[in-house]
Amino acid sequence: MIELRGKAVADAHKAVLSERLAELQAKGIVLSLGILLVGDDKAAQMYARFMEKTAKNAGFGVELEHLAADASEDEVLAVIDRWNRANQIYGVLPLMPMPAHIDREKVIERLDPAKDIDGLTSRNIGLVSAGKGGFWPCTPRACMAILDYYKIPLAGKNVVVVGRSQVVGKPVALLLLEKQATVTICHSKTVDLKVHLQRADVVVAAAGRAHMITGDMLKPGATVIDVGINDLEGQTVGDVEYASAVEVAGAVTPVPGGVGSVTTVMLLENIYEAYYARNVDC
Ligand code: NAD
């Protein structure tokens, strides 16, 4: 059984990215990320600090705007507008949740799609779905980066994606389809998940249900990408019961230490992609 650790994947991507950034820095070019935080949500604040530190360490510039919980929707949209116009900003990250009086969809759709590095806007979703560029959301990209790094064959393979959310399930299914896999998407209304899983050479679990997939549900030798992050009696666990899965599967991502450790570097890569699309790829 191979443990598909995310760190090795993240390190390989970071090394390529830092070379590219060093080339730009030698020309005096610094790519900046705008992080917008509104209100007092603890998780959003922690993520903002984490992203600020990670992006700076990687060599990006960071502008962090923290608006008070009673900031008006117009004030929030004004920050987005300012960053949409700012040349040095290549990516904008509006952190959720925002206070209830702010319309989340309005904020997202106000983003310039060319700076929407988390692939949230309808335009980006349309572009990636049509295979016409745009930014893929980071978690699906992280799944694909792991499969690619560990050279897991996909063409002609049966792949089951568990979960159909807009940020994980649907986009990862499309990416797998592009790699010529035969993709089945299962969800909360799927009848007899086990029947589907037992035919799967590759499973991507993204349901957000602790330990819902156990070893007896898997095909022997299957590759399992566990996207789930769940709290189970104070412990962070995936959607896959790791202990029983490793007895059957050929390769499994651990939680934590799997998909989650690759997503941030995917976001940073998208900032570079935004630079490339604006300045080079014309
Ligand atoms: P979501 O709640 O938006 O979607 C969950 C999906 O799972 C739905 O489509 C639902 O139909 C399906 N589902 C729920 N119960 C099911 C069941 N019993 N059987 C089959 N399908 C079922 O969640 P999301 O935002 O897509 O996130 C999914 C999980 O991935 C969560 O645990 C989340 O924390 C995690 N996540 C991890 C990362 C990462 O970086 N590792 C990033 C994003 C999300």
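Remember, it's 1-based here, ligands and their atoms both numbered in the order they're listed. Computation of the quantities below employed the complete heavy-atom set of this structure, encompassing side-chain atoms and omitting hydrogens, waters and symmetry-equivalent molecules. Along the sequence shown, residues are numbered consecutively beginning with 1.
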Okay, side chain of Asn230, backbone of Val237: is any donor-acceptor separation there less than 3.5 Å?
yes

Within the side chain of Glu65, is there an N or O that forms a donor-acceptor pair under 3.5 Å with the backbone of Gly34?
no

4.5 Å side-chain heavy-atom contact, Leu120 and Phe135:
no

What residues form a side-chain contact (heavy atoms from CB on, under 4.5 Å) with Lys170, not counting sequence neighbours?
Gln166

Under a 4.0 Å heavy-atom cut-off, which residues neighbour ligand 1?
Thr139, Val162, Gly163, Arg164, Ser165, Val167, Val168, His187, Ser188, Ala206, Ala207, Gly208, Arg209, Met212, Val227, Gly228, Ile229, Asn230, Val259, Gly260, Thr263

Please check this pair: side chain of Arg123 against backbone of Pro113, looking for a donor-acceptor N/O pair closer than 3.5 Å.
no

Could you tell me whether Lys27 and Glu23 have a side-chain N and a carboxylate O separated by less than 4.0 Å?
no

